[in-house]
Amino acid sequence: MTEKIKPANAQSTQDSQSEQDVQGVQSSQSTQSTQDSKKQASLVAIIVTAVIAIAGIALWIFQLTDGMVNTNMRNLDSWGLYIIMFMLFVGLSAGGLIISSVPRVFGIRGFGAIGKVATWVSICCTVLAVAFVVVDLGGPLRLWELVAYANISSPLMWDIIVLTLYLIISIVYLWATIRTDNGTGSPKVLRILSVFALIAAVLVHTVTAWIFGLQIAHEFWYTALLGPWFVSSALVSGLALVLVVAAILRKSGRLELENKDYSRMVMLLGVFTAVDLYFFGCDLLTSGFPGGTGADIVALLTTGVLAPYFWFEVVSGAITMIIAFSPSLRRPSLIVLASVISIVAILCKRIQLLIGGFQIANIQHATVSSGPALSESGQAFANVAPALVYFPSALEFGIVIGVLSLGAFLLLLGLRMLPLLPANLQN
Amino acid sequence: MAEQRLGMVIDMKGCIACSSCAMACKIENNLPDENWWNRVLTVGGENRDTPSGTYPNLSMESMTLACQHCENPACTRVCPVGATVKREEDGVVLQDYDKCIGCRMCIAACPYTGVRSFNWEEPKYCLPFATGDADVPSHQKHVVEKCTFCNHRLAKGEAPACIEPCPARVRFFGDLNDPSSEVSKLISSRKYQQLLVERGTNPSIYYLV
């Protein structure tokens with residue numbers, strides 16, 4: 001398949017080169033100046049994101065010194081926005097690797113020149129996922145203990161191992177892709193690498209699910225379906241992210257992608273969304289059917305405090321599928337819309353899973369709580385949206401913005417420094 | 001089988017919800033403000049010390065809740081650095097503050113709501129001096145802690161601090177593996193329940209009902 005796609009790529013490169021030639025000398029000067037201003041804009045963006053990321057680090061240091069009491073996490077909702085974002089970004093990292101490795105593994109037609117950018121997006125998302133776990137820790141200076149005292153029975157330990165492997169494989173895979181495209185690497189080695197990358201991708205989502213899915217403490221979490229379900233959610237959000245990035249690069253003229261490839265990706269997004277919602281349906285029926293406490297969870301999602309998140313996910317899934325499966329609706333603007341709402345929908349799913357897990361306490365008898373259930377600012381919000389066990393504090397939002405900026409910084413730096421785009425458009 | 005399985009028996013028929021055990025625990029272990037390893041729960045009523053049911057068919061019952069020192073603990077399995085472990089010799093589930101990285105996975109894994117608590121800030125104390133036993137490890141910011149069955153007292157052959165001060169004499173402590181112990185005799189002669197048995201953790205706290 002590599003043999004098949006390479007000439008195609010080379011062809012398109014030649015085409016665009018000849019197109020540029022045809023455009024002639026007079027426009028080349030203006031092209032030069034637009035490229036200069038583009039380059040300058042990207043430099044400004046890199047500096048801005050770096051500054052915001054550093055501000056985020058300052059907030060994080062404040063959180064560590066003044067205490068995590070500044071977050072709205074408490075003993076009855078001991079995880080919050082950071083872990084929601086961790087789940088989201090592990091999922092978002094799926095898209096790039098899948099898009100570039102699956103066609104290679106199975107020897108089918110690829111999705112064009114998007115492969116390397118997509119892999120880089122994957123790598124950035126994986127770094128962010130790790131960062132979100134680190135900011136959630138009470139004692140990040142004790143991280144070395146993970147190596148020294150590793151407890152192999154902990155799903156969190158499994159996830160740390162698999163995430164590390166995943167990050168390394170992604171980087172090696174990207175490096176090998178760049179080499180192969182330059183003609184210096186071996187397509188055979190690349191294909192073998194792509195198999196490992198694919199296996200690592202499936203594993204990393206499954207193991208992340210097991211952090212929750214193996215906990216008998218929370219009925220909402222404890223289901224064998226959680227592993228496959230995390231994989232399907234990862235595919236939805238990951239592919240949607242690739243589509244958004246592709247749309248931006250296309251618009252700015254830095255990436256040429258055939259409409260056909262773009263349409264095929266959005267159809268795939270429709271399929272993944274259908275599978276994800278199907279899993280959700282299966283899980284809800286299994287929880288709710290016997291009545292009992294499982295029915296409380298179904299009620300919490302469909303009519304309770306988490307209903308807005310649940311229904312957003314369902315409705316946006318339906319819209320995504322309609323756009324993906326109607327040839328007349330597969331227009332760039334609508335595709336971007338479907339992609340953006342798909343990412344938000346998966347964020348909603350992560351919120352439901354995390355907060356939903358803590359929302360219904362196993363032991364509900366009246367008592368003093370050990371520490372307040374909500375902080376003051378959390379309490380203030382609880383008055384607006386009563387009964388939600390957790391809502392993030394301003395500090396948590398601030399740190400999340402900082403981490404996201406770190407991601408944007410890495411992404412832009414990679415686009416600038418690495419040969420991720422076709423050479424003629426790179427500059 | 002472990003040599004010993006230390007456990008507690010609490011007679012819910014006699015508990016008068018006075019919170020003496022909770023206070024004894026707090027003083028003995030010099031617990032920071034707002035931190036309670038052992039608490040009194042009102043069964044049924046909407047608020048503390050309120051009866052369940054509708055007048056005139058009211059009933060009131062209380063119980064105390066702390067770490068259940070499960071025979072099959074969910075928390076020890078998930079800790080990535082082994083900061084919480086079950087001691088094989090006597091089945092006590094312990095927490096090592098110096099090791100804990102503050103990931104709070106154990107809180108998420110424990111089915112018994114609120115028995116594990118995280119120090120969300122530098123521990124604060126309403127008293128200007130420390131209380132309780134000098135052998136209690138000092139409390140740290142950003143680590144998880146919980147009932148240790150008063151590990152420092154066990155080392156001296158004493159029962160946990162919450163047992164003795166109970167004015168209703170409904171708290172008992174001993175080796176559940178020893179058929180001649182007071183706790184074993186109580187659970188062989190009285191009706192009892194364990195909390196959330198369906199989760200398979202087999203807690204070492206038995207409530208006589």
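All chains are named by letter (A, B, ...) in the order of the sequence lines, taking the proteins before the strands, and each is independently numbered beginning at 1.
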*Checking side-chain contact (heavy atoms from CB on, under 4.5 Å) for the pair B/L41/A/I363: CA distance, chi angles, key distance, verdict?*
CA-CA 9 Å; B/L41 275 56; A/I363 300 172; 3.6 Å; yes

*Criterion side-chain contact (heavy atoms from CB on, under 4.5 Å) on A/Q215 and B/M105, from CA distance to verdict*: CA-CA 10 Å; A/Q215 305 315 324; B/M105 181 84 215; 3.2 Å; yes

*Measuring heavy-atom distances to chain A, does B/C110 have an atom under 4.5 Å in its side chain, in its backbone, in both, or in neither?*
backbone

*Does B/P80 reach the side chain of A/N151, with side-chain heavy atoms less than 4.5 Å apart?*
no

_B/W120 and A/N75, any side-chain heavy atoms less than 4.5 Å apart_ = yes

*Output yes when a side-chain donor or acceptor of B/K141 lies under 3.5 Å from a complementary backbone atom of A/L64, and no otherwise.*
yes

*Report yes if the side chains of B/V143 and A/R142 come closer than 4.5 Å at any heavy-atom pair, otherwise no.*
yes

*Which heavy atom of A/W79 sits nearest a heavy atom of B/C103, and at what distance?*
NE1-O, 2.8 Å

*Where on B/Q140 is there a heavy atom nearer than 4.5 Å to chain A: the side chain, the backbone, both, or neither?*
side chain

*asked:* Please classify the contact of B/L195 with chain A as side chain, backbone, both or neither, using a heavy-atom distance under 4.5 Å.
replied: side chain

*Atom CZ of A/F358 and atom OG1 of B/T113: how far apart are they, to the nearest 0.5 Å?*
10.5 Å

_Among A/I83, A/L143, A/D66, A/L137, residue most engaged with chain B (heavy-atom pairs, under 4.5 Å)_ = A/L137

*asked:* Looking at A/D136, is its backbone amide N or carbonyl O close enough to the side chain of B/R104 to form a donor-acceptor pair, meaning the two atoms are under 3.5 Å apart?
replied: yes

*Does B/R77 offer a backbone N or O that forms a donor-acceptor pair with the side chain of A/S154 under 3.5 Å?*
no

_Side chain, backbone, both or neither of B/V144 within contact of chain A (heavy atoms, under 4.5 Å)_ = neither

_Region of A/I152 that comes under 4.5 Å of a non-hydrogen atom in chain B_ = neither

_As an exercise, state the distance from CD1 of B/I101 to OH of A/Y149, rounded to the nearest 0.5 Å._
12.5 Å

*Would you say B/V78 and A/L156 make side-chain contact, with heavy atoms under 4.5 Å?*
no

_Per-residue contacts, residues 216-223 of chain A versus chain B, heavy atoms under 4.5 Å_ = A/I216, A/A217, A/H218, A/E219, A/W221

*Is there side-chain contact between B/F118 and A/M68, with heavy atoms separated by less than 4.5 Å?*
yes

*Name the option with the most non-hydrogen atom pairs under 4.5 Å to chain A; the candidates are B/S52, B/P111, B/P32, B/G200.*
B/P111

*asked:* A quick test of your reading: do over 12 heavy atoms of other residues, nucleotides or ligands sit less than 6.0 Å from CD of B/E122?
replied: yes

_If you count every heavy atom of other residues, nucleotides or ligands that lies below 6.0 Å from B/Y125 atom OH, does the total exceed 12?_
yes

*Nearest-0.5 Å distance that lies between atom OH in B/Y112 and atom CG in A/N362*: 9.0 Å

_Segment of B/T201 engaging chain A (4.5 angstrom heavy-atom cut-off)_ = side chain

_Under 4.5 Å from a heavy atom of chain A, the part of B/L196 involved_ = side chain

*So, the side chain of A/S78 versus the backbone of B/I107: is there a donor-acceptor pair under 3.5 Å, distance only?*
no

